[in-house]
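Computed from a predicted structure; not experimentally measured. Excluded from the calculations below are hydrogen atoms, water molecules and symmetry mates; all remaining heavy atoms, backbone and side chain alike, are included.
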Amino acid sequence: MFENLSDRLQNAIKNIKGYGKITEENIEPMMREIRLALLEADVNYKVVKEFTSTVREKALGEEVKKSLTPGEMFVGIVRDELEKLLGGENTPLNLNGNPAILMLVGLQGSGKTTTIGKLANLLRKKHSKKPLLVACDVYRPAAIDQLKQIGKELNIEVYSEGLKNPVEISKNAIEYAKENNYDYVLIDTAGRLHIDEELMMELENIKKEVNPEEILLVIDAMMGQDAINVITGFNEAIDLTGVILTKLDGDTRGGVALSVRHLTNVPIKFIGTSEKLDGIDYFYPDRMASRIIGMGDILSIVDKANEVIDEESAEKSLKKMKSGKFDLEDFLEQMKQMKKLGSLENILKLLPGAKKAGLDKVKIDPKELAHVEAIILSMTPEERKNPDILKASRKERIAKGSGRNVTEVNNLLKRFDESKKMMKQLMNGKMKLPF
């Protein structure tokens with residue numbers, strides 16, 4: 001997502017970094033590039049016009065602080081204005097109900113049923129609470145079966161009454177949730193066009209009956225500017241509280257995300273990041289703005305790490321690194337923790353300056369990591385703790401046991417030894433970082 005836009009914006013911005021000051025003359029070519037980049041990303045033309053006008057006005061009107069260069073100041077202005085365009089601040093969910101009721105709506109084929117499973121999974125993990133899925137898509141063939149299958153995979157209960165009236169199903173589901181101490185109720189409604197008056201009336205009736213805390217529109221980010229009309233139509237009928245943009249991991253230009261809040265005043269609350277059932281994230285305008293202009297997204301890495309990494313294990317490894325006693329047993333444990341973070345390639349892309357350093361092109365073969373793990377697991381606990389005892393006969397046994405060769409075993413031991421020395425130097429402040 002935003003890859004082409006990010007490239008174009010970064011190329012436009014870098015031209016000003018060498019200037020001593022920003023003038024009418026040197027800012028115009030750059031503003032033209034930014035304007036074209038946004039239009040090609042399918043950002044609404046009114047939004048583009050306002051955005052470029054504001055950036056230009058601020059860049060020419062602001063004094064350069066002593067601590068900043070004109071280029072740094074301009075990057076800051078572009079980042080701040082992108083953040084405003086994306087919504088300014090993260091808009092949290094209202095989960096104050098008992099139970100909290102969330103209703104998901106959208107067009108047919110927007111990925112709503114899968115998304116409601118992802119959302120339930122995220123809420124359960126994030127808040128350690130008990131969600132209930134409600135099957136109210138009674139029109140699409142196999143929709144109820146699909147939701148039940150998702151519920152089975154996630155071990156989350158699905159409330160269903162078959163092909164009955166969705167308003168009644170919703171009402172009964174809330175009673176069931178109260179009786180069985182569910183914290184969240186997520187209602188999966190049928191896909192519909194915002195111009196279908198009869199089906200929109202059904203949503204209004206569900207809303208009146210159960211009074212949901214959240215009404216979230218699931219919309220495909222690849223729709224382009226048509227999405228604005230859809231959001232506006234649904235919002236006028238049932239007062240949306242937020243939008244979930246799906247397929248932002250695909251080949252989408254990102255224009256919808258940069259236009260939605262400004263044109264409809266409906267906040268983006270979540271984004272779909274993959275087809276897997278954990279492929280959904282909260283939407284943070286500030287982090288997304290930083291990523292677009294190549295400043296990375298360290299906070300998202302930290303959030304992910306906090307969710308999946310064992311703090312006690314990490315603290316133990318840190319102490320061992322400082323003392324130089326970090327062994328292959330610890331290394332294996334760290335590999336297991338890193339696996340929980342997901343794709344290492346995607347994590348590298350979130351680092352500041354990733355593109356400039358070529359990290360966005362790095363390919364990490366999961367098989368290579370599996371080979372390393374197999375080699376370490378073929379060692380005895382004593383060998384992992386003290387690799388110095390690994391002589392030729394032991395290495396041959398490890399190579400056979402892991403299905404690798406002795407050269408690979410030697411390479412792993414060499415790399416581990418070098419890494420261990422580097423970590424000790426770094427931890428003791430004796431090594432300067434190259435940035």
Side-chain angles (χ1 to χ4, degrees), residues 42-48 50-51 83-97 100-113 115-116 118-119 134 136-137 139 166-167 170 185-248 252 254-272 280-285 288:
D42 203 22
V43 179
N44 181 276
Y45 76 94
K46 288 180 184 175
V47 175
V48 174
E50 274 188 53
F51 177 83
E83 184 181 332
K84 286 178 189 173
L85 215 56
L86 290 162
E89 292 181 351
N90 166 258
T91 309
L93 285 178
N94 176 6
L95 298 172
N96 294 325
I101 303 165
L102 298 89
M103 183 164 85
L104 266 66
V105 300
L107 303 177
Q108 285 184 336
S110 60
K112 189 167 35 56
T113 301
T115 299
I116 203 168
K118 291 180 183 181
L119 184 56
V134 182
C136 281
D137 185 350
Y139 307 108
V167 181
S170 302
V185 177
L186 292 91
I187 301 171
D188 182 31
T189 63
R192 66 203 71 211
L193 290 170
H194 57 288
I195 54 174
D196 188 324
E197 290 184 16
E198 189 178 335
L199 285 177
M200 290 305 288
M201 182 61 73
E202 180 184 274
L203 291 181
E204 288 181 54
N205 291 336
I206 294 174
K207 179 187 172 184
K208 285 176 188 173
E209 187 63 55
V210 302
N211 193 25
E213 278 72 28
E214 291 281 349
I215 303 176
L216 302 170
L217 175 70
V218 180
I219 198 151
D220 186 336
M222 299 179 80
M223 271 190 75
Q225 288 305 306
D226 283 345
I228 302 301
N229 297 326
V230 174
I231 295 165
T232 303
F234 273 91
N235 193 35
E236 286 174 353
I238 53 173
D239 293 324
L240 298 172
T241 59
V243 167
I244 301 176
L245 280 181
T246 63
K247 300 183 186 174
L248 262 74
T252 175
V256 180
L258 284 161
S259 306
V260 166
R261 185 62 184 267
H262 193 72
L263 294 176
T264 69
N265 205 34
V266 178
I268 302 169
K269 294 200 173 182
F270 294 93
I271 51 173
I280 189 169
D281 281 328
Y282 288 97
F283 182 71
Y284 294 93
M288 189 60 74

Next on the checklist: What's the separation between atom OG1 in Thr264 and atom CG in Leu240, rounded to the nearest 0.5 Å?
Outcome noted: 8.0 Å

Next on the checklist: Main chain of Phe283, side chain of Asn90: is a donor-acceptor contact present, judged purely on distance under 3.5 Å?
Outcome noted: yes

Item to check | Derivation and outcome, side chain to side chain contact (heavy atoms under 4.5 Å, CB included), residues Ile219 and Val230 | outcome: CA-CA 9 Å; Ile219 198 151; Val230 174; 3.8 Å; yes

Checklist entry - Can you check side chain to side chain contact (heavy atoms under 4.5 Å, CB included) on Leu258 and Leu86, steps first, answer last? => result CA-CA 5 Å; Leu258 284 161; Leu86 290 162; 3.7 Å; yes

Checklist entry - For Glu204, does the CD atom have more than 12 heavy-atom neighbours from other residues, nucleotides or ligands under 6.0 Å away? => result yes

Next on the checklist: Let me confirm one number: the CG-CG distance from Asp220 to Leu107, rounded to the nearest 0.5 Å.
Outcome noted: 9.0 Å

Checklist entry - Is there a donor-acceptor pair closer than 3.5 Å between any side-chain N or O of Thr246 and the backbone N or O of Ser110? => result yes

Item to check | Atom pair CD1 (Ile101) and CG (Leu95), whose distance is rounded to the nearest 0.5 Å | outcome: 11.5 Å

Checklist outcome for this item: Across all chains, not counting sequence neighbours, the ring pair (Phe, Tyr, Trp, His ring centres under 6.0 Å) partners of Phe270 are Tyr282

Checklist entry - Rounded to the nearest 0.5 Å, what separation is found between the CD1 atom of Ile268 and the CD1 atom of Ile231? => result 7.5 Å

Next on the checklist: Let me confirm one number: the CD1-CG distance from Ile244 to Leu102, rounded to the nearest 0.5 Å.
Outcome noted: 8.5 Å

Next on the checklist: Could you go through Asp239 and Lys207, starting from their C-alpha distance and side-chain angles, then the distance that decides it, and tell me whether this counts as side chain to side chain contact (heavy atoms under 4.5 Å, CB included)?
Outcome noted: CA-CA 10 Å; Asp239 293 324; Lys207 179 187 172 184; 3.5 Å; yes

Checklist entry - Can you tell me how far OG1 of Thr115 sits from CD1 of Ile271, rounded to the nearest 0.5 angstrom? => result 12.0 Å

Item to check | Under 3.5 Å donor-acceptor, Lys118 side chain and Gly272 backbone | outcome: no

Item to check | side-chain contact (heavy atoms from CB on, under 4.5 Å) partners for Asn94, two or more places apart | outcome: Asn96, Glu213, Glu214

Checklist entry - With Thr189, which residues qualify under side-chain contact (heavy atoms from CB on, under 4.5 Å), at least two apart? => result Met103, Val105, Lys112, Ile187, Arg192, Leu203, Ile206

Checklist entry - Any side-chain heavy atom of Glu209 sitting closer than 4.5 Å to one from Ser170? => result no

